[in-house]
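What follows is a single structure, written as structure tokens, with notes after it.
Residue numbers begin at 1 in each chain, while the letters A, B, ... track the order of the sequences. Reckoned from all heavy atoms, side chains included, excluding hydrogens, waters and symmetry mates.
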Amino acid sequence: MRFSRLLVPTTKETPNDATLASHIFLIRGGFIQSVGGSGLYNFLPLGKKVLDRVRNVVKEELDNAGCQEVSLSFVTPASLWEESGRYEKYGKELLRFKDRKDNEFVLGPTHEEMMVNLVRQSVKSYKQLPLNLYQINLKFRDEIRPRFGLMRGREFLMKDGYSFHADEADMKREFDLMEETYKKIFTRLGLEFRVVEADSGAIGGSGSKEFMVLADSGEDTIVVCDGCDYGANIEAAVRREKTCDAPVPQLGKEKIHTPDATTMEALSKFFDVDPFYLVKTVAMRALYDEGKSQIVLFAIRGSDELQEVKACNAVEANELVEVSEQELEEAGLIAGFMSPLNAPESVRVVIDNALKGATGMICGANEKEYHTTGNTIDGDFDYSDIVAVQEGDACAKCGGTLRYTKGIEAGHIFQLGTRYSEPLGCTFLDENGKAKPMVMGTYGIGVSRLLAAIIEQHHDEKGCIWTKESAPFDLYVMVSNIKDVAQLALGEKVYETLKAAGIDVLFDDRKDRFGAKMKDYELIGIPHAVIIGKKLSDGLVEFVTREGMVKEEVSADEIVSYVQERLC
RNA sequence: CGGAGUGUAGCGCAGUCUGGUAGCGCACCUGGUUUGGGACCAGGGGGUCGAAGGUUCGAGUCCUUUCACUCCGACCA
């Protein structure tokens with residue numbers, strides 16, 4: 001491709017809303033273009049090329065693993081979503097609309113329902129199983145707050161795969177195969193990543209794993225162990241039960257006047273006890289289908305933090321929202337002095353596993369300006385793991401030290417079981433002619449997000465540094481001064497020869513000066529370049545490696561074979 | 001959803017306080033010079049000043065309403 005013919009609107013200036021390297025360089029490099037903000041982007045020729053190359057890597061590895069590509073309608077009938085029960089569960093992120101006949105539709109944010117619908121219509125026998133179908137298609141999620149360019153757009157390209165099995169064991173086999181396949185994909189793309197245990201979110205199911213591309217700018221916090229290979233999203237991370245060196249407070253069962261002790265810190269000072277022996281009670285409103293809701297008190301140790309996703313799962317709510325003091329009062333609760341022990345009947349109580357059987361605990365009294373001491377937590381409550389693992393906690397697996405790191409969720413695989421096949425009636429006949437729901441797995445990769453992830457990991461202050469398999473071109477060839485007949489002639493020859501040899505070359509034949517072209521090269525970030533310039537009079541050209549901007553002088557006569565050698 | 005901010009040329013911004021015929025940089029077009037680190041000179045095109053209503057002889061500027069976008073927060077009671 002000749003640069004003079006390519007639409008690459010590179011800019012010197014940074015769009016004012018871009019803060020992340022990937023966002024800045026993808027826009028400045030002319031890969032993508034914002035569509036009036038709000039998380040929508042156009043892919044320009046360079047961006048489309050990268051997208052296609054990444055997509056091809058994904059497709060090749062999946063096809064190798066025996067998956068089959070399909071393409072489902074992006075517009076999906078609302079009735080399917082009602083059938084699965086997700087029409088409400090998914091909430092406001094579902095973009096709903098009506099057609100001229102007043103039929104309701106949604107733009108697919110993920111396609112479990114559609115794929116199950118496809119399979120239930122065409123698969124009837126155990127002989128047709130297992131089956132792994134995927135597509136690489138647009139998705140739309142009406143995000144609360146789109147940001148960071150391609151990292152969290154509303155419309156995005158996603159690979160979503162679904163597998164169908166006769167039994168649990170076969171589904172697990174496929175799940176492991178997908179984990180291996182995903183590792184190959186991310187490795188080929190040149191990414192440093194970590195596979196971690198995860199929460200299943202709105203998709204549902206159990207035993208899910210996320211593929212986290214490690215980057216400080218990642219939106220997810222992941223917990224990793226120094227001692228073993230344990231890794232988990234903070235939303236799902238577990239730890240070895242915590243202990244406290246400070247002694248159990250020897251206070252009898254009493255009600256104490258504690259006027260200003262409305263925070264854990266103040267309470268800890270007031271009684272001079274470690275927060276470990278305080279009960280922190282967090283009130284939240286749990287939202288359910290059909291507008292139902294309930295106030296829930298989550299009780300954890302004062303030294304812990306509530307993990308909201310875990311808490312939400314513990315009460316099987318669609319969402320947790322905060323509760324105003326007024327609402328608390330109406331429910332018979334007093335902010336700052338709440339207790340799970342004698343809570344009003346209308347509120348639900350969930351107690352963290354770590355508190356089960358705890359003694360000597362200090363709690364609110366459910367009475368203004370009073371706390372009670374000497375409590376033992378042993379009642380007949382709902383117990384659940386609802387705390388956030390903290391840095392320095394001990395690994396449940398090996399006892400090593402856990403620490404936080406940041407990651408970009410690039411892939412997520414789930415063991416779904418019959419979560420969708422059952423309500424949607426996706427059954428098959430087994431060897432005995434009995435109808436059974438299929439056992440499913442589902443597997444996603446954020447393909448457009450991967451472009452951002454690659455740049456987050458591979459860039460410098462000057463621009464992008466694409467990895468071999470993601471680069472928009474294999475090689476960039478620059479003629480420094482196109483008015484120099486010898487330079488131009490060599491450039492044309494190198495371009496044509498390498499192109500014929502199957503190398504994808506971007507040939508910079510623009511009239512611009514050396515500096516401007518160099519800036520563009522560095523911004524666009526093709527892995528290697530050949531620069532034909534002044535030294536051609538001495539029979540020399542330069543071979544450049546974008547990573548580190550390493551320049552090597554090569555004889556002009558040998559440059560073609562040199563490039564072929566280096567690019568293989 | 002709460003808080004803050006911004007809407008003026010394709011992009012980045014000034015002008016708004018104090019009302020008087022819309023400006024700068026980048027990008028773009030024409031001609032010329034220049035060619036190893038985002039060149040220079042000369043000329044040029046491009047605007048319903050987010051939208052609606054109001055005040056005024058006159059509104060980008062003041063008032064009211066509204067829409068959009070961006071940032072921060074979402075929880076330790």
query = If you look at every strand shown and take non-hydrogen atoms under 4.0 Å, does A:T281 touch a base, only sugar-phosphate, or nothing?
reply = sugar-phosphate

key: Separation between the C1' atoms of B:rA74 and B:rU65, rounded to whole Å   = 29 Å

request  = Identify, with sequence neighbours excluded, every residue that meets ring pair (Phe, Tyr, Trp, His ring centres under 6.0 Å) alongside A:W466.
outcome  = A:F31

task = Just call it for A:Q307: base, sugar-phosphate, or nothing, with non-hydrogen atoms closer than 4.0 Å on any strand.
result = nothing

ask   = Is A:M264 touching bases, backbone alone, or none of the nucleic acid, heavy atoms closer than 4.0 Å?
value = sugar-phosphate

query = With the threshold set at 4.0 Å, does a side-chain nitrogen-carboxylate oxygen contact exist between A:R285 and A:E327?
reply = yes

key: Counterpart base for B:rU35, defined by Watson-Crick or G-U wobble contacts under 3.5 Å   = none

message = Roughly how many Å apart are B:rC75 and B:rU66, using the P atom of each and rounding to a whole number?
response = 27 Å

inquiry  = Under 4.0 Å, counting only non-hydrogen atoms across every strand here, what does A:K462 touch: a base, just sugar-phosphate, or nothing?
reply    = nothing

ask   = Where along residues 328-356 of chain A does a heavy atom fall under 4.0 Å from RNA chain B?
value = A:L328, A:A335, A:G336, A:M338

note = For A:F381, the ring pair (Phe, Tyr, Trp, His ring centres under 6.0 Å) test, sequence neighbours excluded, returns none

request  = Mind checking A:T19 for me? I need base, sugar-phosphate or nothing, with any heavy atom below 4.0 Å counting as a touch.
outcome  = nothing

task = For B:rC13 and B:rU30, measure between their C1' atoms and round to the nearest Å.
result = 27 Å

Gap in Å between the two C1' atoms, one belonging to B:rG73 and one to B:rU16, rounded = 30 Å

ask   = Residues two or more places apart in sequence or in another chain: which of them pass ring pair (Phe, Tyr, Trp, His ring centres under 6.0 Å) with A:F140?
value = none

request  = Tell which nucleotide pairs with B:rC11, taking only Watson-Crick or G-U wobble pairs whose two distances are both under 3.5 angstrom.
outcome  = B:rG25

List the atom pairs, donor and acceptor, that lie under 3.5 Å between side-chain atoms in residues 530-538 of chain A and the rest of the protein, sequence neighbours left out.
from: A:K535; atom 1: NZ; to: A:E553; atom 2: OE2; distance (Å): 2.8
from: A:S537; atom 1: OG; to: A:K534; atom 2: O; distance (Å): 2.9

ask   = Is A:R28 side chain donor-acceptor paired with the B:rG38 base, going by distance under 3.5 Å alone?
value = yes

task = Name the nucleic acid region contacted by A:K517, choosing base, sugar-phosphate or nothing; use a 4.0 angstrom heavy-atom cut-off, strictly under.
result = nothing

task = Identify whether the distance between the nearest side-chain nitrogen and carboxylate oxygen of A:R510 and A:D520 falls below 4.0 Å.
result = yes

ask   = Which base, if any, makes a Watson-Crick or G-U wobble pair with B:rU70, both distances under 3.5 Å?
value = B:rA4

query = Does any nucleotide pair with B:rU61 by Watson-Crick or G-U wobble geometry, both distances under 3.5 Å, and what is it?
reply = none

inquiry  = Considering every strand and a 4.0 Å limit on heavy-atom distances, what is the contact class for A:D484: base, sugar-phosphate, or nothing?
reply    = nothing

ask   = Does the A:S384 side chain pair with the main chain of A:I386, one donor and one acceptor, at a distance under 3.5 Å?
value = no

task = For B:rU48, give its Watson-Crick or G-U wobble partner with both distances under 3.5 Å, or none.
result = none

Any protein N or O atoms within reach of nucleotides 3-6 of chain B? Criterion: under 3.5 Å, listing atom names and distances.
none

key: Selection residues 326-354 of chain A - residue pairs positive for ring pair (Phe, Tyr, Trp, His ring centres under 6.0 Å), sequence neighbours left out   = A:F337-A:H371

Sub-4.0 Å heavy-atom contacts from residues 520-532 of chain A onto RNA chain B, ordered by number = A:D520, A:E522

key: Rounded distance in Å between the P positions of B:rC17 and B:rA22   = 16 Å

ask   = So which of A:D304, A:D385, A:D352 actually passes salt bridge (charged side-chain N to carboxylate O under 4.0 Å, His left out) with A:R239?
value = A:D304

query = With rounding to whole Å, what would you report as the distance between B:rU21 and B:rG60 at their P atoms?
reply = 10 Å

query = Say you pick atom C1' in B:rG12 and the same atom in B:rG31; how far apart are they, in whole Å?
reply = 28 Å

Output one line per pair: protein atom, nucleotide atom from nucleotides 26-31 of chain B, and distance, for all N/O pairs under 3.5 Å.
none

ask   = On a plain distance test, is the side chain of A:K534 in donor-acceptor contact with the base of B:rG37 below 3.5 Å?
value = no

query = Any Lys/Arg nitrogen of A:R2 or A:D509 sitting under 4.0 Å from an Asp/Glu carboxylate oxygen of the other?
reply = yes

task = Name all residues meeting the ring pair (Phe, Tyr, Trp, His ring centres under 6.0 Å) criterion together with A:H528; count only those two or more places apart in sequence or in a different chain, and write none if there are none.
result = A:F543

message = Check this for me: does any side-chain nitrogen of one of A:R546 and A:E522 sit under 4.0 Å from a carboxylate oxygen of the other?
response = no

Note: A:K406-A:D220 ion pair, threshold 4.0 Å (strictly below) = no

inquiry  = Using a strict threshold of under 4.0 Å (side-chain N to carboxylate O), is an ion pair present between A:K242 and A:D393?
reply    = yes

query = Closest nucleotide of RNA chain B for A:E308 versus for A:K551: which of these residues is on the 5' side?
reply = A:K551

inquiry  = Using the salt bridge (Lys or Arg N to Asp or Glu O under 4.0 Å) criterion, which residues pair with A:R449? Sequence neighbours excluded.
reply    = none

Short heteroatom pairs, N/O only, protein and nucleotides 39-47 of chain B, under 3.5 Å:
none

key: A:E235 bridged to A:K310 by N-O distance under 4.0 Å   = no

inquiry  = Suppose you measure atom P in B:rU18 against the same atom in B:rC40; what distance do you get, rounded to whole Å?
reply    = 40 Å

ask   = Within 45° of the ring axis of A:F43 and under 6.0 Å from its six-membered ring centre, is that where the NZ or CZ of A:K48 lies?
value = no

ask   = Is A:R28 salt-bridged to A:E13, going by a charged N under 4.0 Å from an acidic O?
value = no

